Protein chains: 2
Amino acid sequence: MNDRVSTKTRILDVAERLFGEKGFDGTSLRDITAEAGVNLAAVNYHFQTKDSLIDAVIERRIAPVNRRRLEMLEAAGPNPAIEQVVEAFLVPVLECSLSPMVALMGRVLATPDQFVYRVFKKHLAAIAQRFADAVGAALPELAPAERLWRLHFMGGTMAHVLSWSHVLPEMTGGLCDPSDRKALTARLVSFLSAGFRAPFTEAH
Amino acid sequence: MNDRVSTKTRILDVAERLFGEKGFDGTSLRDITAEAGVNLAAVNYHFQTKDSLIDAVIERRIAPVNRRRLEMLEAAGPNPAIEQVVEAFLVPVLECSLSPMVALMGRVLATPDQFVYRVFKKHLAAIAQRFADAVGAALPELAPAERLWRLHFMGGTMAHVLSWSHVLPEMTGGLCDPSDRKALTARLVSFLSAGFRAPFTEAH
DNA sequence: GTCTATAGGTTGATAGAC
DNA sequence: GTCTATCAACCTATAGAC
């Protein structure tokens with residue numbers, strides 16, 4: 001067997017992929033251990049519970065992505081263009097090409113359930129304010145609530161793109177190809193930046 | 001007991017709500033029958049299998065929404081503004097206020113799994129081409145692939161808004177209130193229409 | 001149509017040998 | 001750290017009485 005990676009890492013890798021493909025409820029610990037070629041009891045030994053495994057799987061990927069996001073935000077300086085803010089949000093995820101992480105991230109964003117939400121919120125809190133501030137710096141005329149709404153819209157667009165990547169070519173008769181990350185990033189930045197710049201006056 | 005609604009309808013109603021709240025894998029038939037106050041075997045009698053129940057739950061809501069979408073598209077005439085196309089897509093779902101249907105729709109759009117996708121595609125196929133044509137009529141300079149990408153982006157934005165509605169107020173410290181449907185629709189139409197109008201030139 | 005009862009399989013988690 | 005064996009609970013689905 002390939003013992004160059006530890007049992008713990010093998011579990012994390014397989015769990016990441018299966019959670020992304022079939023969801024958290026749709027993946028059993030047995031699915032994971034079977035594919036990882038490890039014993040069922042190893043999961044409980046290394047991670048105690050399934051919830052705690054989910055937490056570990058998510059944490060391993062979100063933390064570096066958010067670090068990279070803050071780096072890009074900082075590199076954009078105190079007066080960023082909205083395009084730079086959007087890029088700082090998207091690129092750290094999209095640049096991971098077709099790694100299983102992408103499907104996992106999509107799944108996390110598309111699973112508004114109690115537990116997943118709690119894990120997600122823990123990591124979101126660390127960057128949400130920074131992005132809200134950055135949007136405010138780029139578009140100072142945008143009302144605070146509207147900033148948050150549009151950040152939420154951006155998150156949704158990204159989540160959907162990540163989640164449906166693997167079926168989009170078939171859905172569109174091959175017209176849309178999510179594997180071309182450069183083009184996809186350009187499309188998203190153009191669409192979302194225009195959305196952020198859209199006029200909005202509160203209905204009265 | 002309240003026998004003004006049939007067992008079959010009670011199952012559909014409760015299933016719709018629980019599927020929306022906890023997902024398809026996360027909801028057992030026992031969860032449904034317990035809350036509906038009906039016998040477990042009634043599900044199999046009326047719907048045969050769980051998958052077939054999921055199908056019925058989704059179909060019941062998607063069909064009228066899509067009918068309404070096509071009506072609005074038709075009412076917009078052969079030369080619609082992009083705002084009218086976006087509204088035709090969003091309003092038939094959003095106008096249902098906080099009904100359980102909203103969470104269900106979000107869940108369907110956020111569950112890219114084999115079975116749910118198959119059900120969803122069946123209903124999507126009937127309107128996707130019409131919306132692609134409508135976007136083409138509103139923005140003829142947009143390349144066909146770009147049209148589909150931006151429709152996909154719009155679907156993601158809507159899915160996310162629907163899915164996270166129930167936690168968004170808590171996530172934003174009360175700044176974002178999804179229950180004000182009029183304002184939410186206006187926000188989405190403004191954001192998305194601007195996105196559709198965004199310039200885009202293929203990277204080379 | 002609705003019920004009870006149950007089959008037959010899967011789940012997450014643990015105890016205890018090595 | 002890794003294994004086998006097992007528990008208790010849960011799952012979907014069905015058979016058969018009423």
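Within every chain, numbering begins at 1; the chains are lettered A, B, ... in the order of the sequence lines, protein sequences first and strands thereafter. All figures in this text were calculated on a predicted structure; none of them were measured in a lab.
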Query raised in the report: B:K121 and A:E170: salt bridge (Lys or Arg N to Asp or Glu O under 4.0 Å), yes or no, with the steps?
Result: CA-CA 11 Å; B:K121 196 171 65 171; A:E170 190 252 330; 2.9 Å; yes
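- For A:H160 and B:H152, the ring centers sit closer than 6.0 Å to each other.
- A:N44 has its CG atom 14 Å from the P atom of C:dT11, to the nearest Å.
- OP1 or OP2 of C:dT11 lies within a sub-4.0 Å distance of a side-chain N or O belonging to A:S28.
- Within 4.0 Å of A:A42, counting heavy atoms only, lies no atom of the nucleic acid at all.
- Rounded to an integer number of Å, the gap from CZ of B:F47 to P of D:dT14 is 15 Å.
- Here B:C96 contributes atom SG and B:L104 contributes atom CG; the two are 11.0 Å apart, rounded to the nearest 0.5 Å.
- For B:N39, a side-chain nitrogen or oxygen approaches OP1 or OP2 of C:dT4 to under 4.0 Å.
- In this structure, OH of A:Y45 is placed 9 Å from C1' of D:dT2, rounded to the nearest angstrom.
- Contact of the A:R150 side chain with the B:S190 side chain is registered, since non-hydrogen atoms from C-beta on lie closer than 4.5 Å.
- In this entry the distance linking CD1 of B:I32 with C1' of D:dA13 reads 14 Å, nearest Å.
- Note: CG (B:D51) to P (D:dC11) measures 16 Å, nearest angstrom.
- Listed pair A:T7 / D:dT2 meets the phosphate criterion, a side-chain N or O lying under 4.0 Å from OP1 or OP2.
- For A:D31 and D:dC11, the CG to P distance is 17 Å, given to the nearest whole Å.
- Comparing B:K50 and A:L40 by the nucleotide of DNA chain D whose heavy atom lies nearest to each, the residue mapping closer to the 5' end is A:L40.
- With DNA chain C read from its 5' end, the first of the two nearest nucleotides for B:H46 and A:A41 is the one closest to B:H46.
- We find that CD1 of B:I11 is positioned 12 Å from P of C:dG1, with the value rounded to whole Å.
- Atom pair A:R30:CZ and D:dC7:P shows a separation of 14 Å (rounding to whole Å applied).
- Classification of the B:F196-A:F191 ring pair by plane angle, with boundaries at 30° and 60°, yields perpendicular.
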